[in-house]
Protein chains: 2
Amino acid sequence: MPDPIDGVFAALADPTRRAILARLATGDATAGELAADFPISAQAVSKHLNVLETAGLIVRTREAQRRWCRIVPAQVRSVADWASQYERLWEERYDALDDYLGRLQQQQPKPQEEP
Amino acid sequence: MPDPIDGVFAALADPTRRAILARLATGDATAGELAADFPISAQAVSKHLNVLETAGLIVRTREAQRRWCRIVPAQVRSVADWASQYERLWEERYDALDDYLGRLQQQQPKPQEEP
DNA sequence: CGTATTCTCAACCTATCAGTTTATAAGCCA
DNA sequence: TGGCTTATAAACTGATAGGTTGAGAATACG
């Protein structure tokens, strides 16, 4: 039973799919409208839509020959929810610590102290 | 010039790598310590660490034979930042709208009205 | 009916990925 | 020095991803 977030992150790893999502955030669109925005074939876009739908990031409905695509806010939110697990890491004094460690990257192997 | 967020999402698509990150969120660890937590070879874990490092999600430093791994909060935060672009979608009345549309998924193809 | 429009399915190609096993590098210690 | 520990590199394998082309399904319209 694979974690559904696997598919969400995998879907978002492709820039075309993120662009499709960004477009859908401004309103529903048909597969054809979306395909027109990209320099790849309509079939390739259709496959991207399949990936997004399987990940739960969009839903598709039929209207005559057209397929309307709609973003699923709840699933986009699951990414924010995942990231929020780590929120404490970049809050408060962690900002400064992170900057410091970033600069010292390849030296000073001393492990970090626990908060 | 690929968007660096590509690599971040791709790295997070693997459950082993997310587990490694979760472990590192509790404190630094060596490659060996991390490898002990998973039912795959140490070499496979090392490759996962390469992916995480290339994505900028961790940094590695040397100490004698050991390699310490440390999470990079700023890069984890980039995921939260990406998701926050869509925050308005799941706020306020959008929650209710989303639920409604979810239930009606395969019918009523009428496109959504713009907010 | 026949045709045009819209979209997906199927087959194929190449590249990349996650894992393995084998071999090697780097540093401690006796 | 030689051996032990820790970790990576390299080469291989099977599976999956993203793209293509070609064909076909579904629906509107003349």
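The structure displayed is predicted, hence computed values, not measured ones. Just so we're on the same page: letters track the sequence lines, and every chain starts at 1.
The nearest heavy atom of DNA chain D to B:K47 and to B:A31 marks one nucleotide each, and the one closer to the 5' end goes with B:A31.
For the pair B:I58 CD1 and D:dA7 P, the computed distance is 13 Å after rounding to whole Å. Put simply, CZ on A:R17 is 9 Å from P on D:dA17, counting in whole angstrom units. Following rounding to the nearest Å, B:N50 (CG) and C:dT16 (P) show an atom-to-atom distance of 16 Å. The distance from atom CG of A:D6 to atom P of D:dA17 is 12 Å, rounded to the nearest whole Å. Atom-to-atom, CG of B:D14 to P of C:dC17 comes out at 11 Å; the value is rounded to the nearest Å. Note: CG (B:L49) to P (D:dA9) measures 11 Å, nearest angstrom. As a whole-Å value, the separation of A:L34 CG from C:dT6 P is 14 Å. The interatomic distance linking A:W68 (CH2) with C:dC7 (P) rounds to 9 Å, in whole Å.
Cluster membership for A:V76 and A:V51, using ILVMFWY side-chain heavy atoms within less than 4.5 angstrom, is not shared.
Contact annotation: A:R60 side-chain N/O to C:dT8 OP1/OP2 distance is under 4.0 Å. Residue B:T30 places at least one side-chain N or O closer than 4.0 Å to OP1 or OP2 of D:dA7. Under 4.0 angstrom from either OP1 or OP2 of C:dG19 there lies at least one side-chain N or O belonging to B:H48. Distances shown here put a side-chain N or O of B:S41 below 4.0 Å from the OP1 or OP2 atom of C:dT20.
Distance check: B:L34 CG to B:W68 CH2 gives 9.5 Å after rounding to the nearest 0.5 Å.
B:D28 has its side chain out of reach of B:C69: every pair of non-hydrogen atoms, C-beta onward, lies at least 4.5 Å apart.
Of the candidate nucleotides D:dA7, D:dG19, C:dT8, D:dA7 has the atom lying nearest to any side-chain atom of B:R66. Nearest nucleotide to the A:I40 side chain, out of D:dG19, D:dA7, D:dT8: D:dG19.
A:A44 comes within contact range of at least one nucleobase, with a heavy-atom separation under 4.0 Å.
Although no hydrogens or angles enter the test, the distance criterion places a donor-acceptor pair under 3.5 Å between the side chain of B:Q75 and the main chain of B:A55. In this structure, B:Y86 contributes its side chain and A:A22 its backbone to a donor-acceptor pair below 3.5 Å.
For B:L12 against B:R18, the heavy-atom pair with the smallest separation is O-NH1, 2.7 Å.
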Sequence neighbours left out, cut at 3.5 Å: what donor-acceptor pairs do the side chains of residues 42-50 of chain B make with other protein atoms?
unit_1	atom_1	unit_2	atom_2	d
B:H48	ND1	B:R17	NH1	3.1
B:N50	OD1	B:R60	NH2	2.4

Protein-nucleic acid N or O pairs under 3.5 Å, nucleotides 24-30 of chain C:
none

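Counting distance only, with no hydrogens placed and no angle test, the side-chain atoms of A:Q43 and the base atoms of D:dG22 include a donor-acceptor pair under 3.5 Å.
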